[in-house]
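If you're wondering where the values come from, they're calculated on a predicted model, not measured in any experiment. Side chains are part of it too, since the values below use all heavy atoms of this structure and drop only hydrogens, waters and symmetry mates. Remember, it's 1-based here, ligands and their atoms both numbered in the order they're listed.
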Amino acid sequence: MAYSEARVIAGGLAHIPIIIGIFWFINSYFNKRRNNFEKVNKPAKQKPISNSKVKVAEKPSIKKVENKVNEVKKVENKVNEVKKVENKVNEVKPKLNSSPPLSSEIETVSPNRKENTKIDQKTLNKMKHADVPVNTYRPKTPFTGTVKENYSLLKEGAIGRVNHITFDLSGGDPFLNYVEGQSIGIMAEGEDSNGKPHKLRLYSIASTRHGDNFEGNTVSLCVRQLQYEKDGQTINGVCSTYLCDIKPGDKVKITGPVGKEMLLPDDEEANIVMLATGTGIAPMRAYLRRMFEPSEREKNNWNFRGKAWLFMGAPKSANLLYEEDLQRYLVKYPDNFKYTKAISREQQNSKGGRMYIQDRVTESANELFNMIEDEKTHIYLCGLKGMEPGIDEAMTKAAQEKGLNWAELRPQLRKAGRWHVETY
Ligand code: FAD
Ligand code: A2P
């Protein structure tokens, strides 16, 4: 063996421990990783669990589930609340667009609100039938009218006090124009218990735009004095007492006009169903004058040819308001005017209780719903707020008899601008 060959072999042998070392290093590295991996994934050794501990261990998880369920329920409730609010908003939306603001709202209204309010096209179209003035006079700068007339509308033996009051609007700049179905605000003289001027109260206008004298310079109201007993004392309403007591020549602060909820349709062939209790007849009196009062018809250029049906609720015959005028209209327009009375303390309903207008609605269900099915028919409700549930119930029954669902029909009528309500 040559020297050089011996060197090569010796060199090769010298590498063997190095190669063995490398293999050992790699092997031990992978063993270490495997051990670590097993350690991490091995289930922890569990101590034996006693029964009592099982209960303790289970309780929190059930509670957690219960809590989760409760949370979900809470969220569901919130969602339902939001839905309710949405429904309310949808119900109120058309009212907001059309109903008169409450006296408190009028007080806080900014002078620019009307100008800044964007009115959607639908509402605008609906309003088009009448050029309706609103808030010509506001509480900070009311118009001062002069009392022309103030007389009782009641007969001997009637309950309470109800007056017809007329104000002269002459000299107003701008003139306080109004149309049938609107209201005005009255600010009673004097101060409230906080030493502040009395807030205004709203009253439905009982005259047509031409006024009772047909000269177009007056406005009339029909006012019941509010009276109730408290702690053995008789309390008189502030503004209604002020109005029933004022005398011709007295000066009165007037605001408005307000309201677009109770306007009459332009259509001369429309049918008008009126449901009124007490002073709720005020706007109806204006409608009926517009329809049937000869001098008014001459003036207004509105040749009403539809059917008008008044349901009137009063406690006694002596409390019936504007009765002579209504009887005149019945004689002159028998085909166009129908008048149904509910005299609560003189007549009885089928159950032996007080006769209310809703009982009369039930009695007339078929004829009334034949009219309502005609899309030319509008229904107006005015007077005591308390009558609304009774009217709803009566309409539900009446609708059922015709196979109709009042809960569905009423919103449709409202949407179509055919269901008009002003109760207080
Ligand atoms: P207030 O002195 O204001 O007293 C009323 C307050 O007395 C109530 O808010 C209540 O707190 C309390 N009260 C009332 N009754 C009782 C009771 N039985 N027990 C205990 N507390 C009680 N009225 C008409 O007469 N004719 C109308 O044409 C007319 N149209 C209206 C139109 C609209 C759009 C509205 C909103 C209201 C209308 N009103 C009408 C009602 C009118 O606005 C007044 O609310 C009413 O005259 C009473 O005002 P007041 O200042 O005399 O009574
Ligand atoms: P009553 O007072 O006999 O119970 P006025 O405003 O002149 O008092 O008239 C209101 C009329 O409305 C009265 O005949 C009154 O009857 C009646 N009325 C009272 N409550 C209701 C009601 N919930 N639904 C319908 N009519 C009612």
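- Checked by distance only, ligand 1 and T241 stay at 3.5 Å or farther apart across all their nitrogen or oxygen atoms.
- Inspection of the Y178 and T208 side chains reveals no N or O donor paired with an N or O acceptor under 3.5 Å.
- Counting heavy atoms closer than 4.0 Å to ligand 1, residue L226 contributes side-chain atoms (C-beta onward) but none from N, CA, C or O.
- Here Y329 and Y339 keep their ring centres 6.0 angstrom or further from each other.
- Distances between N or O atoms of R354 and those of ligand 2 include at least one value under 3.5 Å.
- Any N or O atom pair closer than 3.5 Å counts here, and S344 shares at least one such pair with ligand 2.
- At least one N or O atom of P315, backbone or side chain, sits closer than 3.5 Å to an N or O atom of ligand 2.
- Taking both residues in full, the closest heavy atoms of P315 and S344 are given as CA-OG, 3.2 Å, listed atom of the first, atom of the second, then distance.
- Under 4.0 Å from ligand 2, heavy atoms of M387 appear from its side chain as well as its backbone.
- Among all non-hydrogen protein atoms, the one lying nearest atom 2 (O) of ligand 2 is R345 NH2, 2.8 Å.
- Around the CG atom of N301, the shell of radius 6.0 Å holds no more than 12 heavy atoms that belong to other residues, nucleotides or ligands.
- Using a 4.0 Å cut-off between heavy atoms, A206 makes no contact with ligand 1 at all.
- The N/O atoms of N236, backbone and side chain alike, include none that comes under 3.5 Å of an N/O atom in ligand 1.
- The N/O atoms of Q358, backbone and side chain alike, include one that comes under 3.5 Å of an N/O atom in ligand 2.
- Atom 23 (N) of ligand 2 has G386 O, 3.2 Å as its closest protein atom, hydrogens excluded (heavy atom only).
- Regarding atom 8 (O) of ligand 2, its nearest protein heavy-atom neighbour is R224 NH2, 3.6 Å.
- The protein non-hydrogen atom at the shortest distance from atom 4 (O) of ligand 2 is Y356 OH, 2.5 Å.
- Considering only non-hydrogen atoms, atom 43 (O) of ligand 1 lies nearest to L202 out of L202, I281, L200.
- When non-hydrogen atoms are compared, ligand 2 lies under 4.0 Å from the side chain of L384 (C-beta onward) but not from its backbone.
- Of the candidates G278, S183, S204, the one placing a heavy atom closest to atom 30 (N) of ligand 1 is S204.
- Within 6.0 Å of NZ on K338 lie more than 12 heavy atoms contributed by other residues, nucleotides or ligands.
- The cationic atom of R290 (NZ for Lys, CZ for Arg) lies less than 6.0 Å from the six-membered ring centre of W302 and within 45° of the ring axis.
- Defined by atom type and a distance below 3.5 Å, a donor-acceptor pair is missing between the side-chain atoms of Q227 and T234.
- The distance criterion of under 3.5 Å between nitrogen or oxygen atoms is not met by A282 with respect to ligand 1.
- Annotation for ligand 1: atoms under 4.0 Å from non-hydrogen atoms of V223 are 25 (O).
- With no hydrogens or angles considered, a side-chain donor-acceptor pair links H210 and E296 at under 3.5 Å.
- For M187 against L200, the heavy-atom pair with the smallest separation is CG-CB, 3.7 Å.
- Within the model, atoms CD1 of I235 and NZ of K230 stand 6.5 Å from one another, a figure rounded to the nearest 0.5 Å.
- Considering backbone and side-chain atoms alike, I357 places every N or O at 3.5 Å or more from each N or O of ligand 2.
- If you look at E422 next to ligand 1, the close heavy atoms, those under 4.0 Å, all belong to the side chain.
- Put simply, CZ on F175 and CG on N217 are 6.0 Å apart, with the number rounded to the nearest 0.5 Å.
- Closest to atom 51 (O) of ligand 1 by heavy atom, among G185, P283, C239, is C239.
- Between the side chains of T218 and D168, no donor-acceptor pair is found at a separation under 3.5 Å.
- Residue contact annotation: K230 has no non-hydrogen atom under 4.0 Å from ligand 1.
- Ligand 2 has at least one atom lying under 4.0 Å from a heavy atom of A314.
- Atom NZ of K247 sits about 7.5 Å away from atom CG of D250, to the nearest 0.5 Å.
- Across all their heavy atoms, G157 and K316 have their closest contact at O-NZ, 2.9 Å.
- Nearest non-hydrogen protein atom to atom 11 (C) of ligand 2 is G313 O, 3.8 Å.
- Separation of the Y322 and H164 ring centroids falls under the 6.0 Å cut-off.
- At least one N/O-N/O distance between Y203 and ligand 1 falls below 3.5 Å.
- Proximity to T277 (heavy-atom distance under 4.0 Å) selects the following atoms of ligand 2: 12 (O), 26 (N).
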